[in-house]
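Heads up: numbering here begins at 1 and tracks the sequence. Because only heavy atoms are used, hydrogens play no part in the values below, and waters and symmetry mates are left out as well, while side chains stay in. Fair warning: this is a prediction, and the values are worked out from it, not measured in the lab.
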Amino acid sequence: MKPFAASAIEACRSALACLVEGNVDRAEEIVGEALSHHPDDPNLLYVAGNCALVRADDARARQFYERSSAVAPAFPAPLCNLGYLHRRNHRLEEARTVLRACVELDPANAPAWQNLTSTHVNEGEPARGEAVAREALRHCPDDSNIRWNLALVLLEQGLWREGWEHYRVRFDTPVVKRPSYASAGNGPRRLVSPDQLAAGDTVAVHGEQGLGDEILFAGMLGEFLQATAGRGAAVVLDCHPRLRNVFAENFSTAFATARAPAACDWLVPIGDLGGFHRNDDRDFPQRRGYLSVDRAKVAEVRRQLAAHARGRPLVGIAWSGGSDLTHARYRRIPLEDWLPVLRQDACFVSLEYRDCADEIAAFEARHGIAIVNLPELTRHPDYRETFALVAAIDMVVTVPTSVVHVAGALGRRCLVVMHHRAAWRECSRDGGLPWYPQTHRRFLREPADADWSRAIAAAAGCLAGLLPG
């Protein structure tokens, strides 16, 4: 075989250029050939790891990064990517060890700090995460991803004012997308305070993130509409299409007719309302719900459920939520684990948004317990149908998912069974939720718990006390 003529570093540059172009096959060919002549070159091993990473072959990428680090312990790049791999596969302590070694070698390595701070978000240890994020910002003071992680751990702790201040940077990260008309330097100015408004101004409030987020943030929309009206300004609401009919029935405001509201002076992402109206625990209203749904529709659904209930209370249940990117492993509880709840004298109604008919049928065949499944309501493109279903039942038992916020918005009693690893929306310093103080109660799976049994038993006991004797 003809000896490889290019140096190892030239091979790395060529392979990286191929990766940028999306030609992974060629990149691997170049690196493989070079490694046959320079098997211990840390740069080649690092680029080989990048090729495997692009192919989502995490195990192979890990091998290459570990070999690169073993050959060159002072080389920070493979440590950074190895830490990312550990984090992605939820090996948090390994990730923290490797990433800490990386930032000790390279204190200004922003990606390493970003990954290190992210290992503390939604992990049930926000105070520790706050300390790491503040340390990271001392080295990378302008990094939006680190500030975003700091925002999340502050909000987890109920440190509202500073949390919202950092939360504003979310659109400068890859995580949260803004509408095209709200891009930097294009379109209306982003409102910092309602005090900026003048008579005749028009404000576009746009939705963001998931359905549950928009429903939660809509709990502050009434206050914002009142504040804008008091200053003679008008609001145009650009919400998720599935929520439009629900919001139209509850808020007296214009709605965007296209994805680019015309002639708006100001822009407000709906999550920014927290910084306007919820900066202290005392700012959270002691109320029971803030949205309603058509009474005739609710009565129709209630009549439909009555045939199944036969006089028993109606209890909605959702047992799965999230995705691989949003801690789904801590938001999904097998139906079998819910038996202490489902054996109680009530008519249970599925609030699952996914296709669960086979799962429900198999569960009923094993245990003789029926769960009413109405996918025409829970999976309807108009979320008003789901709202009507939740409004028609008596209470809800659920994992953290959008149903938590639907129940809260409608004032339905809700028992939330959740892992101690949770997002800030479901966090609290006590057993309730500040967003829904009159209706919601949390039951935690604590760090020492081996399974869900203790949390579900506590929820089942609470449910028994709420059901008629």
Side-chain angles (χ1 to χ4, degrees), residues 8 11-12 15-20 22-25 27-32 34-35 39-125 128-129 132-133 135-136 139-140 143-146 148-149 152-153 173-175 322-331 419 421 423:
C12 289
L16 288 172
C18 290
L19 284 179
V20 170
N23 192 345
V24 186
D25 290 342
E28 289 179 328
E29 181 181 340
I30 293 170
V31 173
L35 278 172
D40 294 323
D41 185 275
N43 295 287
L44 286 170
L45 292 167
Y46 167 67
V47 176
N50 290 351
C51 293
L53 187 64
V54 171
R55 292 201 183 278
D57 188 345
D58 288 7
R60 187 166 173 77
R62 177 180 179 177
Q63 291 174 353
F64 281 121
Y65 292 141
E66 288 179 341
R67 284 176 58 194
S68 178
S69 294
V71 172
F75 185 17
L79 291 173
C80 183
N81 285 12
L82 181 58
Y84 164 75
L85 274 181
H86 284 314
R87 180 182 68 83
R88 185 161 82 174
N89 289 278
H90 215 75
R91 297 185 293 266
L92 296 184
E93 290 308 319
E94 293 96 325
R96 291 167 184 170
T97 298
V98 170
L99 291 166
R100 179 59 69 176
C102 180
V103 297
E104 287 176 359
L105 289 169
D106 182 9
N109 191 318
W113 281 115
Q114 293 164 15
N115 281 304
L116 182 57
T117 56
S118 72
T119 67
H120 297 279
V121 174
N122 300 352
E123 295 297 338
E125 48 181 30
R128 185 180 174 190
V132 174
E135 178 187 6
H139 296 281
C140 307
D143 190 275
S144 297
N145 292 282
I146 296 171
W148 165 245
N149 287 331
L152 298 178
V153 293
T173 74
V175 180
S323 66
D324 290 342
L325 296 176
T326 57
H327 265 47
R329 68 173 65 194
Y330 303 123
R331 298 168 61 187
H419 205 283
R421 291 183 166 107

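- Taking the side chain as every heavy atom from C-beta outward, V175 and W148 approach each other to under 4.5 Å.
- Within the 4.5 Å cutoff, the side chain of Y84 has heavy atoms near those of the R87 side chain.
- Nearest heavy-atom pair across C140 and I146 is CB-CD1, 3.9 Å.
- Checking side-chain atoms of N115 against main-chain N and O of P111 turns up a donor-acceptor pair under 3.5 Å.
- Distance check: N50 CG to C12 SG gives 9.5 Å after rounding to the nearest 0.5 Å.
- Side-chain contact between L53 and R88: present, with at least one pair of heavy atoms (C-beta onward) separated by less than 4.5 Å.
- Considering CD1 of I30 and CG of L44, their distance stands at 11.0 Å, rounded to 0.5 Å.
- Interatomic distance, R67 CZ to D41 CG, rounded to the nearest 0.5 Å: 11.0 Å.
- The structure places OH of Y65 at 6.0 Å from CG of L85, a figure rounded to the nearest 0.5 Å.
- Counting heavy atoms from C-beta outward, H120 and N149 have side chains that stay 4.5 Å or more apart.
- Only one option out of L45, V47, L16 pairs with V31 in a side-chain contact (heavy atoms from CB on, under 4.5 Å); it is V47.
- Contact record, A136 with T117: CB-CG2, 3.9 Å, taken as the closest heavy-atom pair.
- Residue T119 comes nearest to A95 through the heavy atom pair CG2-CB, 4.1 Å, listed as atom of the first residue, atom of the second, then distance.
- The structure places CD of E28 at 8.0 Å from CG of L19, a figure rounded to the nearest 0.5 Å.
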One pair to check against side-chain contact (heavy atoms from CB on, under 4.5 Å): R62 and R91. What are the steps and the verdict? CA-CA 12 Å; R62 177 180 179 177; R91 297 185 293 266; 3.6 Å; yes

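- Expressed to the nearest 0.5 Å, how far CG of L99 lies from CG of N81 amounts to 9.5 Å.
- In this structure, the side chain to side chain contact (heavy atoms under 4.5 Å, CB included) partners of A77, at least two apart in sequence or on a different chain, are Y46, F75.
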side-chain contact (heavy atoms from CB on, under 4.5 Å) evaluation trace for D25 with E29: CA-CA 6 Å; D25 290 342; E29 181 181 340; over 6 Å; no

Can you list the steps and then say if V103 with H139 is a side-chain contact (heavy atoms from CB on, under 4.5 Å)? CA-CA 10 Å; V103 297; H139 296 281; over 6 Å; no

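- Closest approach of N145 to P174, counting heavy atoms only: OD1-CD, 3.2 Å.
- Under the 3.5 Å distance criterion, the side-chain polar atoms of T97 are matched with a main-chain donor or acceptor of E93.
- A salt bridge links R96 with E125: the distance from a Lys NZ or Arg NE/NH1/NH2 to an Asp or Glu carboxylate oxygen falls below 4.0 Å.
- Nearest heavy-atom pair, N122 versus R421, reported as atom, atom and distance to 0.1 Å: O-CB, 3.3 Å.
- Heavy atoms only, all atoms of each residue included: G83 and V98 are closest at N-CG1, 3.7 Å.
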